[in-house]
Trainee: 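First the structure, then my questions, so here it is.
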Amino acid sequence: MCGIVGLFLKDKSLEPELGALLSSMLVTMTDRGPDSAGIAIYGDASGNNAKITIQSANPKKDFAGLEAELGQTVGAPVAIQVKSTHAVITLAKDLLETGKAAVAELRPNVRIMSSGDAIEIYKETGLPKDVVSRFAVNSMAGTHGIGHTRMATESAVTTLGAHPFSTGSDQCLVHNGSLSNHNNLRRELKREGMTFETENDTEVAAAYLTAEMAKGKNLGQALEGAVNDLDGFFTFVVGTKSGFGVVRDAIACKPAVMAETDQYVAFGSEYRALVNLPGIENARVWEPEPATVYFWDHQKVA
């Protein structure tokens with residue numbers, strides 16, 4: 001039993017409130033998963049910069065001097081904003097892959113949480129209220145985001161085992177449920193060149209979507225494939241740079257509710273996660289259908 005939330009903003013005037021709204025939704029789901037929590041925030045993707053979000057178990061040691069060392073290694077200026085055990089590295093878009101390789105070389109104990117033009121992921125063990133407070137998520141602005149509070153059932157309670165999982169640029173996934181064929185899929189995806197940090201089945205689902213989108217599919221098409229290729233019980237909420245998607249398995253035994261207004265699309269494991277959203281009393285509220293893909297994209301929203 002885990003708790004999932006997601007918020008896709010149509011109304012730009014709400015963007016300064018994204019972090020606060022999403023944090024409130026996630027904290028409401030605390031009793032569905034007190035082991036660990038995480039949030040992905042998608043911010044402004046304009047300009048020529050990209051971001052790498054990193055995590056360290058020893059941030060005082062690992063983050064000290066990293067900005068200067070990294071800039072020297074990639075041969076261009078970089079900026080680093082430290083947030084507790086995480087830090088966000090900003091650098092030129094064309095240096096993103098070079099920067100990730102340099103981080104791995106300079107600080108082998110540091111883990112990359114996410115990378116891309118817009119995404120930042122913050123996740124740690126502990127209660128949602130503590131996680132969102134530690135990283136000041138309430139003050140973050142953005143266009144859309146997803147969150148997860150975890151009750152571990154099949155793997156250890158660790159930072160790396162927390163959701164969201166990101167296996168591709170500006171892509172991430174949160175999951176309630178369990179997959180029965182994740183070991184076979186992991187082997188297949190490794191043969192295709194995917195790498196894994198954990199034994200968590202959710203990381204396999206994220207990698208599956210990344211691999212499918214690398215073949216030219218959009219998020220909606222990749223989610224349609226997931227219904228057929230992934231065995232087990234699952235509700236997925238997925239983010240890309242401009243998109244937000246939801247899909248449940250064919251049995252759909254995991255709880256889920258959605259709401260849509262002219263201002264936003266919202267997802268919660270339970271309706272109580274949505275009750276404090278602006279205008280919720282006038283929203284169209286529904287339970288997402290089994291084996292049905294719901295997909296929104298800022299590039300297609302008027």
Side-chain angles (χ1 to χ4, degrees), residues 1-8 22 25-40 121 123 128 144-155 161-167 171-182 185 200-210 212-213 219-240 243-260 264-275 277 283-296:
M1 183 172 77
C2 299
I4 302 176
V5 297
L7 188 59
F8 176 92
L22 199 59
M25 295 169 70
L26 186 62
V27 170
T28 304
M29 293 286 96
T30 296
D31 60 344
R32 293 193 62 84
D35 297 335
S36 58
I39 280 186
I121 287 181
K123 60 183 186 179
H144 57 297
I146 63 178
H148 185 275
T149 182
R150 183 179 183 222
M151 182 176 289
T153 57
E154 295 189 4
S155 57
H163 304 207
F165 280 93
S166 180
T167 55
Q171 297 174 20
C172 69
L173 177 146
V174 293
H175 170 210
N176 182 20
S178 61
L179 303 179
S180 58
N181 65 335
H182 63 96
L185 277 173
N200 194 295
D201 59 342
T202 304
E203 187 178 15
V204 175
Y208 168 87
L209 294 178
T210 298
E212 292 300 294
M213 293 174 72
L219 174 57
Q221 293 167 332
L223 288 172
E224 289 173 357
V227 173
N228 296 319
D229 294 339
L230 302 182
D231 293 333
F233 301 110
F234 57 83
T235 296
F236 296 142
V237 180
V238 187
T240 66
F244 171 85
V246 173
V247 68
R248 303 169 81 193
D249 65 84
I251 305 298
C253 67
K254 297 299 179 180
V257 61
M258 302 197 69
E260 183 170 16
Y264 58 79
V265 180
F267 176 95
S269 292
E270 300 177 35
Y271 178 73
R272 59 192 169 103
L274 313 180
V275 294
L277 291 173
R284 179 175 75 93
V285 179
W286 77 99
E287 180 181 349
E289 295 290 333
T292 302
V293 172
Y294 299 84
F295 176 52
W296 292 264

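Every value quoted in this text rests on a predicted model; they were computed, and no experiment measured them.
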Trainee: Nearest 0.5 Å please: distance from the CZ atom of F8 over to the CD1 atom of I146.
Mentor: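 If we round to the nearest 0.5 Å, F8:CZ and I146:CD1 are 13.0 Å apart.
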Trainee: Please examine the side chains of C172 and H148, heavy atoms only from C-beta on, and report whether any two atoms are closer than 4.5 Å.
Mentor: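 No; the side chains remain at least 4.5 Å from each other.
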Trainee: Using modelled atom types only, decide if a donor and an acceptor are shared between the side chain of K123 and the backbone of P164 within a distance under 3.5 Å.
Mentor: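 It does hold such a pair.
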Trainee: Under the criterion side chain to side chain contact (heavy atoms under 4.5 Å, CB included), which of I39, N176, I121, V174 is the partner of H163?
Mentor: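 Per the side chain to side chain contact (heavy atoms under 4.5 Å, CB included) rule, the option paired with H163 is V174, out of I39, N176, I121, V174.
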Trainee: E287 versus R248: any side-chain heavy-atom pair under 4.5 Å?
Mentor: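 Yes; the side chains approach each other to less than 4.5 Å.
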Trainee: So M25 and L274, do their side chains get closer than 4.5 Å, heavy atoms only?
Mentor: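 Touching, per the 4.5 Å side-chain cut-off.
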Trainee: Determine whether a donor-acceptor pair (N or O, by modelled atom type, separation under 3.5 Å) exists between the side chain of T167 and the backbone of A206.
Mentor: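 Yes, T167 side chain to A206 backbone: donor-acceptor pair under 3.5 Å.
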Trainee: Could you tell me which non-hydrogen atom of M151 sits nearest to which non-hydrogen atom of D31, and how far apart they are?
Mentor: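 Minimum heavy-atom separation between M151 and D31: CE-O, 4.3 Å.
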Trainee: Which pair of non-hydrogen atoms, one from T149 and one from L26, has the smallest distance, and what is that distance?
Mentor: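 Shortest heavy-atom separation between T149 and L26 comes out as N-CD1, 3.8 Å.
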Trainee: Using the rule side chain to side chain contact (heavy atoms under 4.5 Å, CB included), only one of L209, V246, L173 pairs with L223; which is it?
Mentor: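 That would be L209; it is the only one of L209, V246, L173 passing the side chain to side chain contact (heavy atoms under 4.5 Å, CB included) with L223.
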Trainee: Should the ring pair W296 and F244 be called parallel, tilted or perpendicular, given that the plane angle runs from 0 to 90° and is split at 30 and 60?
Mentor: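 W296 vs F244 ring planes: tilted.
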Trainee: Minimum heavy-atom separation for A226 and Y208, please, with both atom names.
Mentor: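 Scanning both residues completely, I find the closest heavy atoms to be N-OH, 3.4 Å.
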Trainee: Please round to the nearest 0.5 Å and tell me the distance separating atom CG of L179 and atom CD of E203.
Mentor: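 L179 CG to E203 CD: 12.0 Å, rounded to 0.5 Å.
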Trainee: For I4 and T235, which heavy atoms make the closest approach, and how far apart are they?
Mentor: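 Answer, listing the atom of I4 first, then T235: CD1-O, 3.6 Å.
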Trainee: Determine whether F234 and D201 satisfy the following criterion, side-chain contact (heavy atoms from CB on, under 4.5 Å), listing intermediate values before the conclusion.
Mentor: CA-CA 11 Å; F234 57 83; D201 59 342; over 6 Å; no
Trainee: If I compare all heavy atoms of A283 with all of A259, which pair ends up nearest, and what's the gap?
Mentor: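 Answer, listing the atom of A283 first, then A259: CB-CB, 4.1 Å.
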Trainee: Do W286 and E260 have side-chain heavy atoms sitting under 4.5 Å apart?
Mentor: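 Heavy-atom side-chain distance check passes, below 4.5 Å.
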Trainee: Within the side chain of S166, is there an N or O that forms a donor-acceptor pair under 3.5 Å with the backbone of Q171?
Mentor: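 Judged by distance alone, yes, a pair lies under 3.5 Å.
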Trainee: Within the structure provided, determine whether N200 and H175 are in side-chain contact (heavy-atom separation under 4.5 Å).
Mentor: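 Of all side-chain heavy-atom pairs linking H175 with N200, none is under 4.5 Å.
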Trainee: Please report the interatomic distance CZ(R272) to CE(M29), rounded to the nearest 0.5 Å.
Mentor: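 Those atoms lie 3.5 Å apart.
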Trainee: Ignoring hydrogens and angles, tell me if any N or O in the side chain of Y294 forms a donor-acceptor pair with the backbone of E289 under 3.5 Å.
Mentor: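 Pair found, side chain donor or acceptor close to backbone of E289.
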Trainee: Does N181 use its side chain to pair, donor to acceptor, with the backbone of D231 at less than 3.5 Å?
Mentor: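 Such a contact is found between N181 side chain and D231 backbone.
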Trainee: For G161 and R150, work out which heavy atoms get closest and say how close.
Mentor: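 Looking at all heavy atoms of both residues, the shortest contact is O-NH1, 3.3 Å.
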